[in-house]
Amino acid sequence: MFMAHDGLWSIGELAEHAGVTVKTVRFYSDQGLLPEASRSAGGHRRYGPGALERLRLIRSLRTLDVPVPEVRRILAEQDRREENGERDGAGGALESAVAGRLRALGSELRALRWREAALRMVHACPPGERADRLMLIGSVEVPPSTAPLARFWRGWLPPRMPARAVAAFLQVAVPQVPDDPDPGQVLAFARLHALVSRPCSGAGQPQPAAHRAAGSDGAAVLYAGLDEAYRLAGARISRGEEPGPGEALDGFVAAYAAAYRTKDTPDFRRLLAGQLATDPRLDGYWELASVVATAPGSRPEPTPGAAHDWLLTALRGQVAADA
């Protein structure tokens with residue numbers, strides 16, 4: 001490898017050996033990433049033997065789209081390690097930069113897969129529906145966020161409900177957006193987003209009567225009991241069982257009895273069946289959430305909404321049988 005008698009390279013020689021342009025070398029020098037060893041009598045830049053390895057590292061990092069500020073931190077850490085005689089392993093700045101790029105690329109890939117599925121959905125729909133579909137999809141940020149869904153449920157749940165109970169409910173109620181959605185899931189999520197973004201979805205939306213009776217602390221007890229009842233009912237739904245009495249229904253009624261601070265009696269079950277029949281319903285939400293959460297070709301898992309309907313039907317059937 002040719003070098004001048006003084007062991008230094010000109011900017012052109014360094015660029016040639018690195019396979020880059022002189023403009024590139026000058027840019028990295030001007031950014032402070034590639035220090036000059038000296039200047040010639042004519043004022044031309046001269047670079048030392050370590051400049052080639054350093055330039056190749058810079059180019060490798062930039063090829064991976066590591067931002068210039070991150071490159072500067074990596075080089076500064078490398079310089080400190082060399083000064084301290086540390087030769088083995090990579091520094092924390094490099095690991096952090098690589099991890100950051102992986103996170104960013106993951107987000108970019110999710111956005112690309114969402115856009116691809118959205119375009120396929122628009123392309124496949126009848127021409128007369130494309131404008132509306134575009135408007136619907138265009139209202140969703142990319143990659144999509146579930147924050148509007150969480151805000152919807154925070155407005156639905158009783159005020160001052162304990163944070164842990166709210167978090168547990170949101171984990172069940174808010175479907176996660178698939179990393180690689182199909183067109184049907186994109187459409188369902190866009191409709192779900194539109195549903196929860198309507199003006200009536202704020203804190204002034206209709207509330208179940210149990211929210212008013214339970215209060216913030218009682219609501220945590222209510223939803224903990226409902227979660228278990230929904231889980232038990234979901235298992236029976238998955239087995240294809242018709243609504244009927246059993247542990248799931250008893251747990252369902254017990255959750256409401258605890259919220260109302262009363263006992264589970266035939267009279268209470270009759271009153272509860274009537275009240276639940278007139279409570280606000282969110283069937284449309286649960287139907288769309290099921291589509292979003294179900295992988296193409298898979299059997300849908302029962303949603304809390306489906307479990308609630310199954311349990312309410314079982315409760316009505318029991319009340320009617322006892323009448």
Side-chain angles (χ1 to χ4, degrees), residues 1-123 134 137-138 140-145 177-183 186:
M1 186 178 295
F2 174 78
M3 298 184 75
H5 70 279
D6 58 0
L8 301 179
W9 276 324
S10 69
I11 190 171
E13 291 166 343
L14 179 59
E16 181 180 356
H17 283 98
V20 299
T21 65
V22 169
K23 183 179 179 180
T24 297
V25 178
R26 185 177 293 113
F27 172 78
Y28 292 138
S29 291
D30 292 343
Q31 290 292 315
L33 304 179
L34 190 65
E36 308 159 15
S38 66
R39 291 265 179 158
S40 69
H44 299 294
R45 306 175 197 233
R46 309 285 285 170
Y47 297 90
L52 180 58
E53 181 180 351
R54 189 180 185 92
L55 179 55
R56 284 173 173 165
L57 174 59
I58 295 170
R59 288 297 299 156
S60 296
L61 292 168
R62 293 296 295 136
T63 298
L64 295 175
D65 283 337
V66 176
V68 169
E70 290 289 331
V71 174
R72 182 175 288 108
R73 281 192 284 272
I74 292 168
L75 294 173
E77 183 178 67
Q78 183 185 63
D79 292 342
R80 288 194 300 272
R81 288 168 61 84
E82 289 180 355
E83 290 174 4
N84 295 330
E86 300 175 35
R87 300 289 182 181
D88 299 329
L94 177 58
E95 293 179 4
S96 176
V98 170
R101 282 305 300 148
L102 284 172
R103 288 192 297 271
L105 282 173
S107 180
E108 291 168 17
L109 288 172
R110 287 193 298 274
L112 286 172
R113 288 192 288 262
W114 172 274
R115 289 190 177 104
E116 180 188 17
L119 287 170
R120 286 195 281 122
M121 183 270 293
V122 173
H123 183 263
L134 281 171
I137 295 298
V140 180
E141 64 181 82
V142 180
S145 169
V177 182
D179 286 339
D180 190 9
D182 74 350
V186 168

A.B. asks: If you define the side chain from C-beta out and look only at heavy atoms, does anything of Pro143 sit under 4.5 Å from Glu108?
C.D. replies: no
A.B. asks: With the threshold set at 4.0 Å, does a side-chain nitrogen-carboxylate oxygen contact exist between Arg113 and Asp182?
C.D. replies: no
A.B. asks: Would you call Lys23-Asp30 a salt bridge at under 4.0 Å N-O?
C.D. replies: no
A.B. asks: Could you tell me which non-hydrogen atom of Gly48 sits nearest to which non-hydrogen atom of Leu8, and how far apart they are?
C.D. replies: CA-CD2, 3.7 Å
A.B. asks: Mind checking the CD-CD spacing from Glu95 to Glu77? Nearest 0.5 Å is all I need.
C.D. replies: 8.5 Å
A.B. asks: Do Arg54 side-chain atoms and Leu33 backbone N/O form a donor-acceptor pair below 3.5 Å?
C.D. replies: yes
A.B. asks: Does the Thr24 side chain pair with the main chain of Val20, one donor and one acceptor, at a distance under 3.5 Å?
C.D. replies: no
A.B. asks: What's the separation between atom CH2 in Trp114 and atom CG in Asp179, rounded to the nearest 0.5 Å?
C.D. replies: 12.0 Å
A.B. asks: Compare all side-chain heavy atoms of His17 with those of Trp9 and state whether any distance is below 4.5 angstrom.
C.D. replies: yes
A.B. asks: With a 4.0 Å cut-off on N to O distance, would you call Glu70 and Arg73 a salt bridge?
C.D. replies: yes
A.B. asks: Give me the atom names and distance for the closest heavy-atom approach of Arg39 to Arg46.
C.D. replies: C-CG, 4.1 Å
A.B. asks: Is the side chain of Arg56 donor-acceptor paired with the backbone N or O of Ala18 at a distance under 3.5 Å, no angle test?
C.D. replies: no
A.B. asks: Hey, mind stepping through Arg101 and Leu64 against side chain to side chain contact (heavy atoms under 4.5 Å, CB included) and telling me if it holds?
C.D. replies: CA-CA 8 Å; Arg101 282 305 300 148; Leu64 295 175; 5.5 Å; no
A.B. asks: Indicate yes or no for a side-chain donor-acceptor contact from Ser29 to the backbone of Val25 under 3.5 Å, with no hydrogens or angles considered.
C.D. replies: yes
A.B. asks: What's the spacing between Ile58 CD1 and Phe27 CZ if we round to 0.5 Å?
C.D. replies: 10.0 Å
A.B. asks: Answer yes or no: is there a donor N or O on one side and an acceptor on the other, between the side chain of Glu36 and the main chain of Tyr47, under 3.5 Å?
C.D. replies: no
A.B. asks: With a 3.5 Å distance limit and no angle check, can you tell me whether Glu13 reaches the backbone of Ser10 through a side-chain donor-acceptor pair?
C.D. replies: yes
A.B. asks: If we only count heavy atoms from C-beta on, is the Leu61 to Leu94 side-chain gap below 4.5 Å?
C.D. replies: yes
A.B. asks: Give the C-alpha distance, both sets of side-chain angles, the deciding distance and a yes or no for side chain to side chain contact (heavy atoms under 4.5 Å, CB included) between Arg62 and Val68.
C.D. replies: CA-CA 8 Å; Arg62 293 296 295 136; Val68 169; 3.9 Å; yes
A.B. asks: With side chain to side chain contact (heavy atoms under 4.5 Å, CB included) as the test, would you mind laying out the steps for Leu57 and Val71 before giving the verdict?
C.D. replies: CA-CA 9 Å; Leu57 174 59; Val71 174; over 6 Å; no
A.B. asks: First locate atom CD of Glu116, then atom CG of Leu109, and finally report the distance between them rounded to the nearest 0.5 Å.
C.D. replies: 11.5 Å
